[in-house]
Amino acid sequence: MTKPVDLTNPTGTDNDNPKKRQHSSLWNNIPWEVVSWLVIILLPLIWLWPRLLNPAFEMIDDPHDLKRLLAMKQDFFGWLKTDAVHGEIGEGRFRPMYWLLRFVIYFLPAQLNPAGWIYIHYINLAVSLTLFFLLLTAISKKSTVGLLGTSLWIFNTNTIANYIRLATQEVWQVLWVGSLLITGFSILNSPRDRNTGWLKLASILTLFLLYFTKETSLILFPFSITMLCLSLVFKQKRKEWGQFVFVNLIFVSIYFLLAPNRTGYASNYQPSLEQIRNNLASFFYIQWHYLFLILLGTYLWRLLKYRKNLSGWHIEKWQFALLILGLAFFVIYLPWKVYVRRYLLVTDFLLSGFMALELGYWMLHARRIYATILGLFCLLAMTLSTAQLPMAIQSIYESAFSHTKGTVHALEWLCQKAEKGSAILSLELEPELTGATVLYTQYFFQRKDMPIYSLSDYAVNLQNAGYNVVPIQQITDEILERMDYIFWDHRGRTNPRLELFNLKIFHAIIQSSFRNRLSQIYSDVQVKNGIKEGPEILKLSRAPNTA
């Protein structure tokens, strides 16, 4: 049977051609690896620059996280004894390294300046891309493959969703997974007489950071056992994989020893066949899913065709590791009751590398006719897979050209303009966003004198926590008489049902005598296809308007 062509070994048929040698020497003078690296760290600016141009914190996660980080600054040892050691109280979570890294790398240098946070976030992304590029280039010996894999990941809606936010744990998982793969590749490919002690120490540190950054990193333990079993079958690197399993076992044991019981947010993890079946029906979404399925098929076909030569097949082993680990980070979310697509960032990261190595094989070594046919199918698959990408980038660009900075800036503006003791009617209903509205106005912008009237069920919790919040069941004339301002964050596309509820409230106000007292004083509302998005502030004058 024909032996497979090694991706790292070109055909070499033109090596004796003088023109070919001259052409090659001219091209070799250009540092293509450096050029490719610069390209991949600049490519994300296509969708990230609006955040750099118009920096602001967001309503989701940011205010609650900033409050926790401020508490760490005021009483760091208190945090060590409570949340860091015993897990986040009330949420059943255990991720101390996530908070510590954000505190040291983001909060201490940038404090409450969102621009500083975003620039540091970009550096985080650039480092992850560099590690990914180095890994794929090292495996394939071709920087083109590294450029291809990183590009697939950069132009991915899950990547965009994670890196335009400041509070996702997945970005740290990607950083540590990339570091682990680089150190693992170096250890497994070092000569036997080479001392790899420092590399093993680096991999142990990376594993530690992974396990205590996000709980889903526990999937590394069964992955390590799988790779150990394969190493025993193929009789390769058994010692190294055995050590990997042992270190994983230590960290898994520490995790379950210190982690709290599953309560609150963590109780959404419900391992059951019904939950897994429901998620399988709706959850499988990676940006390049059609492309992935095609390349998975060609990869499996090659494994079957050349199965007798797998023991020495360097690249296919690393493809297999990327594939299995990527799918593992997908499978662990299947029992999760409440999920969002951006959780699949690590899966997309790893599968982009798998796809790039497969595409690299066919581009460099397959017959031209086969490579052309596969290329056409891949282009069609990528076209079908990018339906949401233009919309995601367009939404980001719209925010760049906004004359203000969104909801948080609107709340800050209100806190600067409102008279002392002004009463605010907030039409926010969702618990996290209701809490964010109160936190920004009364905690960060220091307007505890302004009572916030809220229809949200969560208002009672905020009132009990000591905030100046007045829970109300309905909006009556008596309540409107007390109001000075109405704050409304339009979310017609993102939450049409809530928008409809607020429209009914406004319709009732306009139908009443209060319509003459109402005037718009702030608007950052984008109107597209008749649908409103963005914050709006209206003022209710105390005396009736007789105009």
Side-chain angles (χ1 to χ4, degrees), residues 58-60 63 338 340 391 395 398-399 402 404 406-411 413-415 417-418 422-442 447 450-463 467-547:
E58 296 183 352
M59 296 289 284
I60 301 293
V338 181
V340 290
M391 291 185 289
S395 177
E398 286 176 357
S399 69
S402 172
T404 63
T407 307
V408 178
H409 186 270
L411 289 171
W413 184 90
L414 177 60
C415 290
K417 299 292 183 181
S422 296
I424 300 170
L425 173 61
S426 171
L427 299 186
E428 193 57 73
L429 290 179
E430 295 171 300
E432 185 168 7
L433 297 177
T434 301
T437 302
V438 174
L439 276 176
Y440 277 123
T441 54
Q442 299 187 5
R447 291 304 304 267
M450 298 194 307
I452 294 181
Y453 288 71
S454 175
L455 289 160
S456 173
D457 294 337
Y458 190 65
V460 176
N461 295 355
L462 293 167
Q463 186 183 55
Y467 292 101
N468 191 0
V469 179
V470 181
I472 56 176
Q473 299 298 318
Q474 57 184 343
I475 296 176
T476 62
D477 287 354
E478 181 184 357
I479 290 173
L480 287 174
E481 284 287 357
R482 306 178 200 168
M483 293 302 105
D484 295 290
Y485 299 96
I486 299 175
F487 178 77
W488 183 2
D489 194 7
H490 293 271
R491 292 205 307 282
R493 280 175 290 183
T494 55
N495 198 328
R497 298 172 80 178
L498 180 61
E499 186 76 359
L500 181 61
F501 177 81
N502 289 335
L503 281 171
K504 290 179 179 179
I505 294 175
F506 259 85
H507 181 73
I509 295 174
I510 291 172
Q511 292 297 314
S512 70
S513 60
F514 291 91
R515 64 182 179 276
N516 294 325
R517 307 189 192 186
L518 204 62
S519 60
Q520 183 192 76
I521 61 172
Y522 182 99
S523 178
D524 188 27
V525 177
Q526 307 284 331
V527 180
K528 186 176 181 181
N529 299 326
I531 299 175
K532 291 183 176 182
E533 293 282 335
E536 182 180 19
I537 301 173
L538 300 108
K539 184 175 177 62
L540 270 166
S541 59
R542 290 288 190 184
N545 189 345
T546 57

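Being a predicted model, the structure only gives us computed values, none of them experimental.
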- prompt: Hey, does the side chain of Glu533 reach the backbone of Gln526 with a donor-acceptor pair shorter than 3.5 angstrom?
  reply: no
query: Backbone N or O of Asp489 within a donor-acceptor pair of the Glu428 side chain at under 3.5 Å?
result: no
Measure the [atom1]-[atom2] distance between [X] and [Y] for me, rounded to the nearest 0.5 Å.
X: Tyr467; Y: Thr441; atom1: OH; atom2: OG1; value: 9.5 Å
X: Leu411; Y: Ile424; atom1: CG; atom2: CD1; value: 8.0 Å
X: Met450; Y: Leu414; atom1: CE; atom2: CG; value: 5.0 Å
X: Lys417; Y: Tyr522; atom1: NZ; atom2: OH; value: 11.5 Å
X: Ser422; Y: Arg447; atom1: OG; atom2: CZ; value: 6.5 Å

message: Applying side chain to side chain contact (heavy atoms under 4.5 Å, CB included) to Ile60 and Glu432, what does each step give before you reach the verdict?
response: CA-CA 7 Å; Ile60 301 293; Glu432 185 168 7; 3.6 Å; yes
pair [X]-[Y]: side-chain heavy atoms closer than 4.5 Å:
X: Pro535; Y: His409; value: no
X: Leu518; Y: Leu540; value: yes
X: Tyr453; Y: Leu480; value: no
X: Val408; Y: Met59; value: yes
X: Ile509; Y: Ile486; value: yes
X: Gln442; Y: Ile452; value: yes

Under the rule for salt bridge (Lys or Arg N to Asp or Glu O under 4.0 Å), what residues qualify as partners of [X], not counting sequence neighbours?
X: Lys532; result: none
X: Arg515; result: none
X: Glu536; result: none

field: Which residues share a side chain to side chain contact (heavy atoms under 4.5 Å, CB included) with Ile521, sequence neighbours left out
entry: Trp413, Tyr485, Ser519, Ile537, Lys539
- prompt: Taking only residues two or more places apart in sequence, or in another chain, which ones meet Ser456 in a side chain to side chain contact (heavy atoms under 4.5 Å, CB included)?
  reply: Thr434, Ser454, Tyr458
message: For a side chain to side chain contact (heavy atoms under 4.5 Å, CB included) check, start with the C-alpha distance between Phe506 and Leu538, then their side-chain angles and the critical distance, and finish with the verdict.
response: CA-CA 11 Å; Phe506 259 85; Leu538 300 108; 3.3 Å; yes
- request: Name all pairs fulfilling the salt bridge (charged side-chain N to carboxylate O under 4.0 Å, His left out) condition that reach into residues 470-481, sequence neighbours left out, sorted by first residue then second.
  value: Glu478-Arg482, Glu481-Arg517
Run the side-chain donor-acceptor check on residues 495-505: report pairs under 3.5 Å with partners two or more places apart or on a different chain.
residue, atom, partner, partner atom, Å
Asn495, OD1, Leu498, N, 3.1
Asn495, ND2, Glu430, OE2, 3.3
Glu499, OE1, Arg491, N, 3.0
Glu499, OE2, His490, ND1, 2.7

